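Shown next, in structure tokens, is the structure this report addresses.
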Amino acid sequence: AVNWCPKEETVLSNEQSSGGICWRCGTQVTKKEIEQWYLRTTKYAEQLVADIEEIEKGWPEKVIKRQRDWVGRSEGAYIDFKVKDSDEKIRVFTTRIDTIYGATAIVVAVEHPILPKLLEASALKDQVMTFAEQVKASRAIKTEDQSEEEEKLGMNTGRLAFNPFNGELLPIWVANYVLMDYGAGAVMSVPAHDERDFEFAQKYTLPIRQVIAPIVHGQQSEPVDQAPGGDQSMEMKNAFTEYGVLVNSGEWSGKLSQDAIREMADYAAEKDFGGGAVTYRIRDWGISRQRFWGAPIPVVYCPKCGMVPVPEKDLPVMLPEKAEFTGTGESPLKTVPEFVNTTCPTCGEAATRETDTMDTFVDSSWYFFRYCDPRNETSPFDPGIAAYWTPVDQYIGGDSHAVMHLIYTRFWTKVMRDLGLVKFNEPVKRLLTQGMVTNKVEGTNEYKAMSKSLGNGVDPDEMIEAFGADATRLFVLFAAPVENELRWSETGIEGAVRFLRRVWTMVYRWRERLPGSAGIPPAEFSDAARALQRKTHQTIARVTDDFDKLDLNTNVAALMELLNALGEFNVEPGNASDADVFAVREAIEALVIMLAPFSPHIAEEMWEGLGHSGGLLKSAQWPVANPELAMKDELEIPVQVNGKLRSRVIVSPDISEADLRELALADAKIQTFIDGQKVVKVIVVPQRLVNVVVK
RNA sequence: GCGAAAGUGGCGGAAUUGGCAGACGCGCCAGACUUAGGAUCUGGUACCGAAAGGUGUGGGGGUUCGAGUCCCCCCUUUCGCACCA
């Protein structure tokens, strides 16, 4: 059997085959054509699913799920139903071959190529073809408005087909709910075990026959023997779509669905009327676009040699500077004779160039490889140079690209791998999908992504002019977690401006006392200086940690807290001790360095202002938290009575559990709450809390 | 319809993953400085209550000494899919 036909452009089976005649349209298909099809579709579709395990740790679950759905891998089986009084066969795809004894009709899509042949000698021909045309026409209209599910419509063709498992004759129907694009463009209708078929059967009073029984308490229920052809449309209220145990299925009765699915597919293969198969929902990618920009498709058409690829030495094909619109939908490049007219690379005769250009998704599929080696004149990129930088450690983009761009780039990378350009399967190790910045749509209360058509855009240049790039950037990163939608607000940016101004003021208030290097920490710290130092080291630990998790909003909050701690450090620079200066320097330098990723320009300025030369990015070290210095000298432990907060006790961090318990029970406030009652239990969580249970 | 995620002050959002709910910021209120404030600084700000205290993380139940966090039911919102055999 031929599994793919270039004329039909349709997958008929995923088994590799050696070529032959398309059973649908009679086209001769060569082995090579089939291999090429297999290569470009099934292999990559399969890898797009299989390789997910390489990236799923680093990619958002949501994106992974959408990609899985998009590829739409589905395991099942093909089965050929021989048409009565004809040599034709109708192939169907099913994931539930175990329900085949319940089939009461074969239903084909209105576009199915076998339809005209079936109807050739039929009295119903005109009627059915009119119906098919109507369905196609109504589909063409309703591309936009999705919402409600369409009513199922169908018509009996008057022809019959044999169920290869039991020889039963089934009517062949045509219906609007069967899709030509998926599977084989035809289904076996099993109303008892498929909701769509059930609905269809109810509407057109087709018989409904149960062949799967539920398993009750781990035991199979009593198989009810019933002759084929029996009808249960009266008894069944809904389709039973779960797995169970087979009944009314001849020699297969009594088997579990899972086993039957496997064994019946093997049987079909053995008897040569089908077999196990995998189908995919993902479709081929048509990359031609009728534009004058974009990467040219490097192909020449020669009257003698046919389609000839442009040799590598003549690449890249350069586009003309100008082209006129054709007004016909064809590429504007068609209007540029200097571009179109060329010579055949093979025979040297006059020839013409391909005038379509490639989809921009082609460029976006591998631009980051080119970025590694952007000035390369002889190839897309040097594999050695790209190997140094790629795969991408962290990719950041909107989740609007969850399926298209991010599938294409994965696919493209696999092709480049097969060409030997890269040595890995997946281009992106970690993916962060940042949320959209939205803004109010004028005249409404709705927030939508900024766009030209809605007129709700904000010009970044204007924001930078008004508030500065540093404050704008800081605000955007602070206002919400990166993956959330961000509602634009100018008052929010003003807060960021205020914060940066306060940092600046703090730096310049202290700068005269902070020259040169820090030196050795003084031995004696005041309580205030110690508290500041503690906050500094806590902040460093927190920011360093959050950075890896890309929790940027809480990061900024931590920096704001550190500034607040500096503000609360109530020592005049003129009166500051060595220890005070040491603590302040540590706090300010850490603050400036950790601010650099958010507000790089002002951070650089302040770094220089603090007496450092050579630039922050080059000369500064990311600060390192000292856990000992970050540790608290004393803890405030909440004390609860029956789970309600009643008091707090101040204790040293290394207090014993018993001492903490005693201290909590001795607390005056706690005493008033437990007075006259029996203490049943005292829960002590070291370093955390005490809960006294009374009755 | 199916699937997934999420519901926390006036708003954006925190909460070390079962241990002080509301960090940080916006907004708002009061005050200070000021000829002035849409600048700046200080203080306050979940709700009820004069206070003691009580209530509180969409609603209802449960587990637990203890629940925003875990379990069950319901409601709402957002996103995805949309006859995928």
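Values in this document were obtained by computation on a predicted structure and should not be read as measured data. Quick note on labels: first sequence line is chain A, next is B, and so on, each numbered from 1.
A 4.5 Å side-chain heavy-atom check between A/Ile212 and A/Arg96 finds at least one atom pair inside the cut-off. Two residues are said to be in side-chain contact when any heavy atoms from C-beta on lie closer than 4.5 Å; A/Phe467 and A/Glu490 meet this criterion.
Note on residues 657-667 of chain A: no pairs pass salt bridge (charged side-chain N to carboxylate O under 4.0 Å, His left out), not counting sequence neighbours. Screening residues 535-551 of chain A for salt bridge (charged side-chain N to carboxylate O under 4.0 Å, His left out), with sequence neighbours left out, gives A/Lys535-A/Glu561, A/Arg542-A/Glu561, A/Asp546-A/Lys549. Among residues at least two apart or in separate chains, side-chain hydrogen bond (donor to acceptor under 3.5 Å, both in side chains) pairs with a member in residues 632-644 of chain A are A/Arg534-A/Asp633.
If you take CZ of A/Arg509 and P of B/rC41, they are 13 Å apart, rounded to a whole angstrom. As rounded to whole Å, 17 Å separates atom C1' of B/rC41 from atom CZ of A/Phe499. At whole-Å resolution of the value, CZ in A/Arg66 and C1' in B/rA82 are 13 Å apart. Rounded to whole Å, the distance from CZ on A/Arg501 to C1' on B/rU40 is 8 Å. Rounded to an integer number of Å, the gap from A/Trp488 CH2 to B/rG13 C1' is 17 Å. Across the protein-nucleic acid pair, A/Leu170 atom CG and B/rA85 atom P stand 21 Å apart, rounded to whole Å. Distance A/Asn555 CG to B/rA14 P: 13 Å, rounded to the nearest Å.
Within a 6.0 Å sphere centred on CD of A/Glu195, other residues, nucleotides and ligands contribute 12 heavy atoms or fewer.
Residues of residues 683-690 of chain A that place a heavy atom closer than 4.0 Å to RNA chain B, in numerical order, are A/Ile683, A/Val685, A/Arg688, A/Leu689. Listed by residue number, the members of residues 658-678 of chain A with any heavy atom below 4.0 angstrom from RNA chain B form an empty set.
Phosphate proximity of B/rG3 to A/Arg68: absent, as no side-chain N or O sits under 4.0 Å from OP1 or OP2.
Contacts of A/Asn484 with the nucleic acid, taken as non-hydrogen atoms under 4.0 Å apart, involve only primed sugar atoms and P, OP1 or OP2. When heavy atoms are screened at a 4.0 angstrom cut-off, A/Glu636 is found touching base atoms of the nucleic acid. Residue A/Asp69 is out of contact with every strand shown, counting any heavy-atom pair closer than 4.0 Å. Counting non-hydrogen atoms under 4.0 angstrom, A/Val190 reaches nothing in the nucleic acid.
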Name the atoms and distances for all side-chain donor-acceptor pairs under 3.5 Å in residues 677-690 of chain A, with sequence neighbours left out.
residue, atom, partner, partner atom, Å
A/Gln677, NE2, A/Phe673, O, 3.2
A/Gln687, NE2, A/Pro653, O, 3.0

Please list, one pair per line, the donor and acceptor atoms closer than 3.5 Å that link side chains of residues 491-505 of chain A to other protein atoms, with sequence neighbours excluded.
residue, atom, partner, partner atom, Å
A/Thr491, OG1, A/Ser489, OG, 3.2
A/Arg502, NH2, A/Asn564, OD1, 3.0
A/Thr505, OG1, A/Arg501, O, 2.7

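Using C1' as the reference atom, B/rG22 and B/rG10 are 14 Å apart when rounded to the nearest Å. Rounded to whole Å, the separation between the P atoms of B/rU8 and B/rG54 comes to 26 Å. The same atom, C1', is picked in B/rG53 and in B/rA15; the two are 26 Å apart, to the nearest Å. Distance check on atom C1': B/rG9 versus B/rC26 gives 13 Å, rounded to whole Å. Look at the P atom in both B/rG58 and B/rU42: the space between them is 35 Å, to the nearest Å. If you take atom P in B/rA14 and the same atom in B/rC65, they sit 32 Å apart, rounded to whole Å. When the P atom is compared between B/rA52 and B/rG59, the two are found 27 Å apart, to the nearest whole Å. Between B/rA5 and B/rC11, the two P atoms lie 26 Å apart (nearest whole Å).
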**Prompt:** Stepwise, does the salt bridge (charged side-chain N to carboxylate O under 4.0 Å, His left out) test hold for A/Lys62 with A/Glu483?
**Reply:** CA-CA 12 Å; A/Lys62 224 173 120 186; A/Glu483 62 273 12; over 6 Å; no
**Item:** Audit row: A/Thr536, A/Ile540, side chain to side chain contact (heavy atoms under 4.5 Å, CB included) steps and yes/no
**Value:** CA-CA 6 Å; A/Thr536 303; A/Ile540 295 169; 4.0 Å; yes
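Between A/Lys65 and A/Val692, it is A/Lys65 whose nearest contact on RNA chain B lies nearer the 5' terminus. Mapped onto RNA chain B by nearest heavy atom, A/Pro638 and A/Ala479 fall at different nucleotides, with A/Ala479 at the one closer to the 5' end.
Because its glycosidic torsion is more than 90° from 0, B/rU64 is reported here as anti. For B/rG10, the base adopts the anti conformation, since its glycosidic angle falls more than 90 degrees from zero.
Taking the six-membered ring where the residue is Trp, A/Phe165 and A/Trp252 present perpendicular rings, their angle passing 60° and hence far from 30°. Between A/Phe200 and A/Tyr204, the angle of the ring planes lies from 30° to 60°, which puts this pair in the tilted group.
Applying the ring pair (Phe, Tyr, Trp, His ring centres under 6.0 Å) criterion to A/Phe131, with sequence neighbours excluded, gives no partner residue. Every residue was checked against the ring pair (Phe, Tyr, Trp, His ring centres under 6.0 Å) condition with A/Trp510, not counting sequence neighbours, and none meets it. For A/Phe478, the side chain to side chain contact (heavy atoms under 4.5 Å, CB included) partners are A/Val556, A/Ala557, A/Met560, not counting sequence neighbours.
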**Message:** So if I define the base as every atom that isn't primed, P, OP1 or OP2, how would nucleotides 21-26 of chain B read as a B/S/- string at a heavy-atom cutoff under 4.0 Å?
**Reply:** --BBSS
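At a cut-off of 3.5 angstrom, counting only N and O atoms as typed in the model, there is no donor on one side facing an acceptor on the other between the side-chain of A/Lys62 and the base of B/rC79.
Stem list for RNA chain B (at least 3 consecutive Watson-Crick or G-U pairs, distances under 3.5 Å): B:1-7 with B:75-81, B:10-12 with B:24-26, B:27-32 with B:40-45, B:46-48 with B:53-55, B:58-62 with B:70-74.
Ring to ring, A/Phe598 and A/Phe547 are close: their centroids are under 6.0 angstrom apart.
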